[in-house]
Amino acid sequence: VLRERFSRPLDRAAARLSGSTEEDAALLGADLWGSLAHARMLGTSGILSKHSAERIEDGLRAIARAAARGRFALDPALEDVHLNVEHALTKRLGADGERLHTGRSRNDQVATDLALYTREALLGAEERTLAVVDALVTAARSPGGRRSVEAWTHLQPAQRVYWGGLLGAHALRFLRDAERLAAVRRGIRRSPLGSGAIAGSSLPLDRARTARWLGFEGPSLSSIDGVSDRDASLEALFAIAQVHVHASQLGEEIVIGSMPEVARIRLSEGFVTTSSLMPHKRNPDLAELVRAESAGAIGRLTAALALVRSLPIGYQRDLQAGKPALVEAFARLDATLEVLAPMIAEAELLSPPARDPATGSVELADELVRSGVPFRRAHTRVATFLAEWERLGRPEGPHGPAGLERAFPELAGRPFRWPRAEEEPDRRITAGGSHWKEVDRLLRSIETRAGRARRETAATRRRLERARAAFGLPESLFERARRDRRSARRR
Ligand code: ARG
């Protein structure tokens with residue numbers, strides 16, 4: 001293709017390296033939408049006749065319908081999605097097909113495709129991340145959420161909290177992730193279409209119009225920046241990596257919590273595996289794989305930053321090499337979150353007996369503070385008491401927590417009692433602390449913010465669907481892209 005100025009075809013191996021049809025399949029819907037907007041604008045601006053523009057639109061719609069039925073495979077011999085569509089159009093229309101590329105370059109075309117694709121894919125990522133938030137909040141509000149569990153620092157028993165508080169904290173992270181993904185999406189505001197190869201066009205392209213038709217606020221301010229800006233891809237890769245890092249930390253806690261020595265969470269049978277050799281095994285493989293997916297996500301972000309790091313401004317062919325990782329990033333995120341949400345929803349939250357029965361030590365010191373003892377002194381005395389108690393083999397009765405008044409005469413007449421495991425979380429009353437009232441407040445504020453995020457995501461989806469409907473684009477083309485992403489194979 002496009003070899004007229006050369007005397008021989010592209011070398012075979014070179015053609016293989018040069019092609020991008022595999023990853024471009026995910027961009028097909030975006031490419032057709034961009035082309036429809038461009039064609040309509042060529043007609044309304046008088047650059048093409050109304051008749052030609054309409055024929056091109058009809059031809060593109062026919063291709064879109066074929067693609068929606070899975071009947072438009074990209075031919076690797078035609079290098080990329082752009083040339084595939086143009087070739088198919090020309091086969092249908094003849095000369096009018098050859099008019100589509102008027103005033104356009106594949107450079108502004110691919111930038112436009114990526115903006116449309118990323119914006120759409122982010123919507124899906126937001127929805128899936130919010131589903132994890134939902135699963136965590138629902139689990140936090142389940143009866144298991146009212147059970148107490150050790151919160152760890154340094155992976156040592158620290159203070160007991162409600163499972164609901166622990167899961168609420170994880171939910172808050174994923175909520176911020178969903179809000180971050182949405183912020184990246186809202187940042188995709190300007191249309192590169194009409195930037196041409198790098199410097200715009202001598203034809204009177206109406207860039208404001210195509211921008212509006214594609215759901216953008218307006219055209220990019222600089223054609224030079226328009227063809228080279230990949231900020232949104234990088235931001236999306238970061239936001240995705242951040243979700244994976246949070247998922248991986250949660251996955252790790254699930255793996256540890258499933259150890260028989262810890263036994264604080266029990267995964268449902270849908271999310272455990274056994275060993276091919278040891279029939280007794282009940283392994284948390286899926287939590288481990290959730291943990292593992294973060295590695296690739298971090299790698300894709302690092303690779304994308306490295307790819308653009310020293311590129312001169314303007315379109316450089318290197319940019320093409322960044323596309324597979326972007327498509328793959330969305331696919332792997334989908335696959336990960338689709339497992340994580342039900343894994344949490346179906347997990348049983350257990351309250352194993354305290355490993356360290358003294359996790360209420362701070363509450364004892366606090367009580368001494370209330371009776372006038374300086375905190376540092378209270379800390380030392382509680383530490384000495386616990387050391388002695390341990391030396392005696394942790395007895396009950398007068399030498400144990402039940403006989404505190406012997407060691408701490410200040411407690412005489414005060415209502416202090418060493419908290420039982422299930423009482424401990426409610427002893428701490430500070431804002432954001434472990435008391436159920438605070439857990440409930442946290443969960444309610446997460447629910448409010450998640451609801452707002454969900455409504456905004458859905459409203460955006462409706463707005464984009466309306467914009468596409470104005471071009472007669474089958475919505476299943478975009479749903480198909482979403483499905484394809486989910487089932488995309490690891491490379
Ligand atoms: N296939 C290319 C890409 O994905 C499209 C732009 C090619 N432009 C060019 N001048 N070769 O980035």
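Residue indices begin at 1 and follow the sequence shown.
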Which of Asp177, Val243, Leu130, Val290 passes side chain to side chain contact (heavy atoms under 4.5 Å, CB included) with Leu337? It is Val243

field: Donor-acceptor contact below 3.5 Å, side chain Ser195 vs main chain Val227
entry: no

### Message
If you apply the rule salt bridge (charged side-chain N to carboxylate O under 4.0 Å, His left out), what do you find for Glu120 with Arg461, and how did you get there?
### Response
CA-CA 8 Å; Glu120 191 74 22; Arg461 203 183 266 301; 3.2 Å; yes

- Item | Trp33 and Phe478 aromatic ring geometry - parallel, tilted or perpendicular at 30°/60° bounds | perpendicular

Just checking, is any N or O donor in the side chain of Glu410 or Ser371 under 3.5 Å from an acceptor N or O on the other one? no

Residue set satisfying salt bridge (Lys or Arg N to Asp or Glu O under 4.0 Å) with Glu126, at least two apart, ordered chain then number -> Arg185

Sequence neighbours excluded, the answer for salt bridge (Lys or Arg N to Asp or Glu O under 4.0 Å) partners of Glu423 is Arg417, Arg420, Arg427

So ring pair (Phe, Tyr, Trp, His ring centres under 6.0 Å) across residues 232-251, not counting sequence neighbours, yields none

### Query
Do Phe385 and Phe408 have ring centroids that are under 6.0 Å from one another?
yes

When every non-hydrogen atom of Leu349 is compared with those of Gly145, the smallest separation belongs to CD1-N, 4.0 Å

Q: Using atom types as modelled and distance alone, determine if a side-chain donor or acceptor of Asp229 lies under 3.5 Å from a backbone N or O of Asp231.
A: yes

Are side-chain N/O atoms of Tyr162 and Asp426 paired as donor and acceptor at under 3.5 Å? yes

Checklist entry - Do we see a donor-acceptor contact under 3.5 Å between the side chains of Glu424 and Thr359? => result yes

Practice task
Using only heavy-atom distances, determine whether the side chains of Arg428 and Ser434 contain a donor-acceptor pair under 3.5 Å.
Solution key: yes

When every non-hydrogen atom of Thr21 is compared with those of Leu74, the smallest separation belongs to O-CD1, 3.5 Å

